[in-house]
Engineer: 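Structure incoming, see below.
For the numbers below, each heavy atom of this structure counts, side chains included, while hydrogens, waters and symmetry mates do not. Numbered from 1 within each chain, the chains take letters A, B, ... in sequence-line order.
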Amino acid sequence: MTVTLLGTAGKAPETSSDGGVARDVTRKRKRGEVEDQNNTGDRSSGATIYSHWLMKSEPESRTENGVDVKFGIEDLKALPNQTGCWDGVRNYQARNFLREMKVAHQAFFYHSNCKTPGIAGLIKIVKEAYVDHTQFDKKDAHYDPSSKPENPKWSMVDVKFERMTRRFIPLSELKKYHLKHKNTGGPLRNMALFTRSRLSVQPLTPAAWTRCIKGGPFHWRVELPFACGSVFSGAVLLG
DNA sequence: GCCAACGTTGGC
DNA sequence: GCCAACGTTGGC
């Protein structure tokens, strides 16, 4: 599979019954609100198909609209069947990525807007995109009065806790690799966490995913009973 | 289509 | 709490 990170992000799909003027549609298309009318569903337009994701959520209490938006990985873990819906996404690009997700896809659960931001664990998609009911709920933190039930704007998926990462991977460490890989052409060179820092649902290349979880090329040395292990430990991410 | 004003995200 | 980056709105 050829992977072009984020090449056509935001272009993807929504069924639009928007009968507005041409310029308005153009404007909306730029924002990702309008579906490509010839979208065949097979991404023949050249858009990249992803299967690994990073999803941000806030593990510390914060009030929005009078509601606490806290939802860390421990909160997901505590839900029945360790499964919950990923609601509240209110950005078109992020929503479009949600809509690309398939059952069994894996994602990093990323803790944002907290003391130590970073990757806390692994989750998997257990239900594909459907209407996010919270957009119609006046009492919800992410109520969207502009969205109508007959033409909902926002989607969500269901995710299930898979496991914690073997250790928490702080943003600072990911950034270190990102900067290095920008020069060396390594797998984290285009990581959206840095190139599109505000995107709350974002794709990862398979290489970036693997690197974060299994470490770099010298990962195996760390497990050898020889002293050289520590020499290479700095080149490894081990989620 | 451009762009100024405004709002939100999220690291620090 | 600050503020840079960037997404959204809406006039023209």
Engineer: Round to the nearest Å and state the distance from His111(A) atom NE2 to dG11(B) atom P.
Structural biologist: 12 Å
Engineer: Please tell me whether Phe194(A) and Tyr110(A) are part of a single hydrophobic cluster in this structure, the criterion being side-chain heavy atoms less than 4.5 Å apart.
Structural biologist: yes
Engineer: Would you kindly give the CH2-to-P distance between Trp154(A) and dG7(C), to the nearest whole Å?
Structural biologist: 13 Å
Engineer: Side chain of Leu171(A) only, please: which of dG11(B), dT8(C), dG10(B) is the nearest?
Structural biologist: dG11(B)
Engineer: Are Ile125(A) and Leu79(A) linked, directly or through other ILVMFWY residues, by side chains that come within less than 4.5 angstrom of each other?
Structural biologist: yes
Engineer: Rounded to the Å, how far apart are Leu199(A) CG and dT9(B) C1'?
Structural biologist: 11 Å
Engineer: Is Tyr110(A) touching bases, backbone alone, or none of the nucleic acid, heavy atoms closer than 4.0 Å?
Structural biologist: sugar-phosphate
Engineer: Under a 3.5 Å threshold, yes or no: a donor from one side chain and an acceptor from the other, between Thr134(A) and Arg90(A)?
Structural biologist: yes
Engineer: Of the nucleotides dG10(B), dG11(B), dT8(C), which one has an atom closest to the side chain of Lys56(A)?
Structural biologist: dG10(B)
Engineer: I need the CG-P distance between Leu193(A) and dT9(B), as an integer number of Å.
Structural biologist: 16 Å
Engineer: Taking the minimum atom-to-atom distance to the side chain of Glu64(A), which one of dG11(B), dG7(C), dT9(B) wins?
Structural biologist: dT9(B)
Engineer: Can you tell me how far P of dG11(B) sits from CD of Glu173(A), to the nearest Å?
Structural biologist: 16 Å
Engineer: Of Arg90(A) and Asn113(A), whose nearest nucleotide on DNA chain C comes first from the 5' end?
Structural biologist: Asn113(A)
Engineer: Which heavy atom in Ala129(A) sits nearest to a heavy atom in Arg99(A), and how many Å separate them?
Structural biologist: CB-CA, 3.8 Å
Engineer: For Asn65(A) and dT9(B), what is the distance between atoms CG and P respectively, to the nearest whole Å?
Structural biologist: 12 Å
Engineer: Indicate, with a heavy-atom threshold strictly under 4.0 Å, whether Lys115(A) touches base, sugar-phosphate, or nothing.
Structural biologist: nothing
Engineer: Return yes if some donor-acceptor pair links the side-chain N/O of Asp68(A) with the main-chain N/O of Thr63(A) below 3.5 Å, else return no.
Structural biologist: no
Engineer: Using whole Å, what does the distance between atom P of nucleotide dT8(B) and atom CD of Gln93(A) come to?
Structural biologist: 18 Å
Engineer: Give the rounded distance in Å between these two atoms: CG of Asp144(A) and P of dT9(C).
Structural biologist: 9 Å
